[in-house]
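This report refers to the structure that appears directly beneath it.
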Amino acid sequence: MNKIRIKNCHILTMEEDRKQIQEGEITIEKDKITYIGNVRDNIDERDYTRVIDAKGHACLPGFINTHTHAAMTLFRGFADDLPLMTWLENKIWPLEDNLTGEDVYWGTLLSILEMIKSGTSTFNDMYFFMDDMAEAVRESGIRAVLSRGLIGLEGKGEKGLKETDEFISKWHNSCEGRLKAMLGPHAPYTCPPDFLKEVIKKVDHYKLPVHIHLAETSFEIEHCREAYNRTPMEIMEDLGFFKHPVIAAHCVHLSQNDIEIMANRGVKVSHNPGSNLKLASGIAPVPDLIEAGIEVSLGTDGAASNNNLDLLEEARLAALIHKAQKDDPTVIPAYKALEMATRHGAEGLFLGGETGVLKEGYKGDVILINLDKPHFYPQHDLVAHIVYSAQSSDVETVIINGEIVMENREVKSLDEEKVMFNAEKKAFDLIKRKEA
Ligand code: NI
C-alpha cells in the first residue's frame, strides 16, 4: 500500500479559513490524506513507501479545470483569430465529423499530459468517443468528470443518448473512483427544447449532474430570444434543469433575472476567460456572480480556442481582466483566483468533500511548486506569487489519488515522447483525410 510522506513544505490548504502551514507535513495513505500539520518528530520513515523532502516548495491541492474538450488539442493552432460561429461551422465541426476513436484517444492523452505538467489533477470534459477518452483517463492516472456531448440537430440526438447510457453503465465511478459521469447537453442553440426534454428524463433517471455551455455569445442570446422568446437561463429554468445540479460553462451574457435564477438554484459557473477573450465572446460578470453567492470556478475550454490547458494562466486572467473591467484593483484578489482554481473547482464539479482542499480524509490530490526561482523572490506573499508570478512549469510534482504521476517534471504514467508523436500524427492525418 502507498504511504507517502511530504515534509518541510509551505502548505496552502485552500480551506475556507485560509489556513497555511509554514513548515508542514502531509501524509497520504492509499488514496487519502491521513495527516496534515506541522512536521512531526519521531516518525519512523521506514514505514513509508516514499518520503519527499519538499523544502523550498509550496504544497497545494491540484488544480481543477471545470470545462474543457481534451481531444481538441488536435486542433491547436489549426484555426485562429475567427469568430465563434465561423470557427465552429467552417473549421472545427467539419474536422470533428471526420474524427475517429483513435484520434480522440491520442488527443485526450496529449491534453492530459499537458494538464498534469501544469498542475491540474482533475478535469471536466464534454466530447464523444467516450470509451477512448475514458481509456486515456484510466491509463494516465488523472481524475476526470466526463459527459457524452449531446447535440439535438440533424438526427444526432438519438445516437448521443444511447451512447450516454452505454458510457454511464460502463465507466461511471470506475478507475479507482477517479472517473465520474455527467450528462452533457451541448448548448441551447444545438439542443432544441424537445430534445432537452429527452435529456432531462435521463437526468431524472441517473440522478447525475449536468454539464452544459450557457450564454456564451451574443449570437446565442439572440437565437434563443428569436426562437423561444427566452434567455438560455430561462429556457433551462422552464424545462426544470435547475432542480438538478448543473455546471454551466461561460455565462458571459446574463440579465439580472438570469443571475437571480442561478443564485436561487445554486447553478455552478465555469469561467473560461482565455477562451472568451480569444473568441471575443465577451467578459463574464464574475464579480457580480460572486456577489450574488454563485460558485465560480475556472476552465480552459478546448485547446483550439485558448490555446493551452494551463489553469494557472486562467487564474491570472481571472484576477486581471475583472479589475480592468470594473475599474477596481480590489476585484478578484489573488486568493480568490486561487480558490477558483482549487476549492471552487471541486464544488463546481460536485466533488466538494473529496478534493480541492488539503485536509485529512480528502483524496491525495497534491502538487508541489518549486519556489527556488528568481520570479518568487523576495518571498513576501506566497499567494500573490503563485497567481501573479508563477509559471505552470514551476509545478514539479503531481500526486493524484495517492499516486505520484509526475516527479521532478517527469510524468511517470505516460510515455511523453510517444504521446506527442502520435497525437501530432493523428492531427495531420485527420486534416489530410478531410482534404482528400
Ligand atoms: Ni466548451
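Atoms within each ligand, like the ligands themselves, are counted from 1 in listed order.
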Parallel, tilted or perpendicular, as decided by the 30° and 60° cut-offs, for the rings of His250 and His67: perpendicular
Does this structure show an ion pair linking [X] with [Y], if we count only N-O contacts that are shorter than 4.0 Å?
X      : Y      : value
Glu166 : Lys162 : yes
Asp394 : Arg409 : no
Arg343 : Glu347 : no
Arg138 : Asp131 : no
Glu339 : Lys336 : yes

Contacts of the Ni ion (ligand 1) with protein N/O/S atoms, counting only those under 2.8 Å: His67 NE2, His69 NE2, His213 NE2, Asp301 OD1
